[in-house]
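Note that ligands are numbered from 1 as they come in the structure, with each ligand's atoms numbered from 1 the same way. Predicted, not measured: the structure shown is a model, and the values here were computed from it.
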Amino acid sequence: MTIPNMITIDGPAASGKSTLGKNLADWLDYLYFDTGVMYRAVTWAALHAGISMDDEAAVSALSETIDIDVLPPTQDDGRAYDVLADGQDITWDIRRAEVDGGVSVVAAYPGVRKALTAQQRRIGLRGKVVMVGRDIGTVVLPEADLKIYLEASVAERARRRFNEIKNRGGQASMDAIRENLMERDRIDSTRDVAPLCAAPDAIILDSDQMDANRVLEAAKKLVKKHQE
Ligand code: DC
């Protein structure tokens, strides 16, 4: 077999998908595409425009008109890419607690998913891509040749998210982070459209006892195995 052309990484919030996705894409010289950024950008734009998260029609309409761009990083401040919404740099704004609090509600709207899934699929089908999210192996790129589902316990994920925020110089409460992760997992995995779940042909990696390097090594092994 050949090197997998499309690699998908799905899993719950803060399970290490983004870190693995970026590292794996760098190793393969593939495009790294974190689809969560798009749901976050719509959520941020709705908050910015004063649209209520509960206003499904208005949020869905916004997702069809907003111009979201993900480009190589222009600043050396720890970002892996620039995120632009209608030309405005929102790279760090989309990581704010208000966005964390609303994004799962926004991501459950069928109209929002339809608009964003179409864009993600178009980019993914070009190949040479590591695409990260919740429904990539099941809905966005079901034909992908290597699918990874990354798991970790809530306690470990909360610990990682806490350290991430601290390292950026932010304020965080471990309890609030844990609550938010659990609530997002609940909404993401019980929604009607494209719920969070492993594709039947996904390989499940549990990263609880592994640091980022070991997770990358495990994923590299899967890529090499695919080539044999
Ligand atoms: O990976 P993340 O935490 O940045 O994702 C933010 C939210 O977006 C998450 O709560 C679920 C949603 N999401 C989704 O529903 N489908 C995707 N493919 C990616 C993210």
[atom]: the protein heavy-atom neighbour that sits closest, reported with distance to 0.1 Å:
atom                    : answer
atom 19 (C) of ligand 1 : Thr35 OG1, 3.4 Å
atom 12 (C) of ligand 1 : Ala107 CB, 3.7 Å
atom 2 (P) of ligand 1  : Arg134 NH2, 3.6 Å
atom 18 (N) of ligand 1 : Asp135 OD1, 2.8 Å
atom 4 (O) of ligand 1  : Arg40 NE, 2.7 Å
atom 16 (N) of ligand 1 : Arg113 NH2, 3.0 Å
atom 8 (O) of ligand 1  : Tyr39 CB, 3.6 Å

Distance in Å, [X] [atom1] paired with [Y] [atom2], rounded so as to fall on 0.5 Å steps:
X      : Y      : atom1 : atom2 : result
Leu116 : Arg121 : CG    : CZ    : 15.5 Å
Ile9   : Ile148 : CD1   : CD1   : 5.0 Å
His226 : Thr2   : NE2   : OG1   : 6.5 Å

| query | Under 4.0 Å from any heavy atom of Ser104, which atoms of ligand 1 are there? | reply |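 Ligand 1 atoms under the 4.0 Å threshold to Ser104: 10 (O).
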| remark: So the atoms of ligand 1 within less than 4.0 Å of a heavy atom of Gly36 turn out to be 4 (O), 5 (O), 19 (C), 20 (C)
| Geometric N/O contact Asp34 with ligand 1, under 3.5 angstrom |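 Among all N and O atoms of Asp34, none is under 3.5 Å from an N or O of ligand 1.
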| query | Within the structure, does Asp188 bring an N/O atom to less than 3.5 angstrom of an N/O atom in ligand 1? | reply |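 N/O-N/O distance under 3.5 Å: yes.
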| Option set Val140, Val103, Val132, criterion heavy-atom distance to atom 7 (C) of ligand 1, minimum | Val103
| message | Going by the closest heavy atom to atom 6 (C) of ligand 1, which one wins out of Met38, Arg184, Arg161? | response | Arg184
Contacts table for residues 43-54: side-chain donor-acceptor under 3.5 angstrom, sequence neighbours left out:
{"unit_1": "Thr43", "atom_1": "OG1", "unit_2": "Tyr39", "atom_2": "O", "d": "2.7"}
{"unit_1": "Ser52", "atom_1": "OG", "unit_2": "Asp54", "atom_2": "N", "d": "3.0"}

| query | Just wondering, do Val42 and Ile68 contact through their side chains at under 4.5 Å, heavy atoms? | reply |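 A side-chain contact under 4.5 Å exists here.
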| query | Do the non-hydrogen side-chain atoms of Asp34 and Tyr81 ever get within less than 4.5 Å of each other? | reply | yes
| query | In terms of side-chain geometry, is the basic nitrogen of Asp10 or Arg134 positioned less than 4.0 Å from the acidic oxygen of its partner? | reply |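 Salt bridge between Asp10 and Arg134, a charged N being under 4.0 Å from a carboxylate O: no.
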| said: Tell me whether Arg214 is salt-bridged to Asp211, with the criterion being a basic N under 4.0 Å from an acidic carboxylate O. | reply: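 Salt bridge between Arg214 and Asp211, a charged N being under 4.0 Å from a carboxylate O: no.
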| side-chain hydrogen bond (donor to acceptor under 3.5 Å, both in side chains) partner of Ser207, the single match among Glu151, Arg160, Glu156 | Arg160
| query | Do Asp69 side-chain atoms and Leu84 backbone N/O form a donor-acceptor pair below 3.5 Å? | reply |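 Answer holds: no.
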| said: Side chain, backbone, both or neither: which applies to Ile136 and ligand 1 if a contact is any heavy-atom pair less than 4.0 Å apart? | reply: side chain
| task | Say whether Gln120 and ligand 1 are in contact under the criterion: heavy-atom distance to a ligand atom below 4.0 Å. | result | no
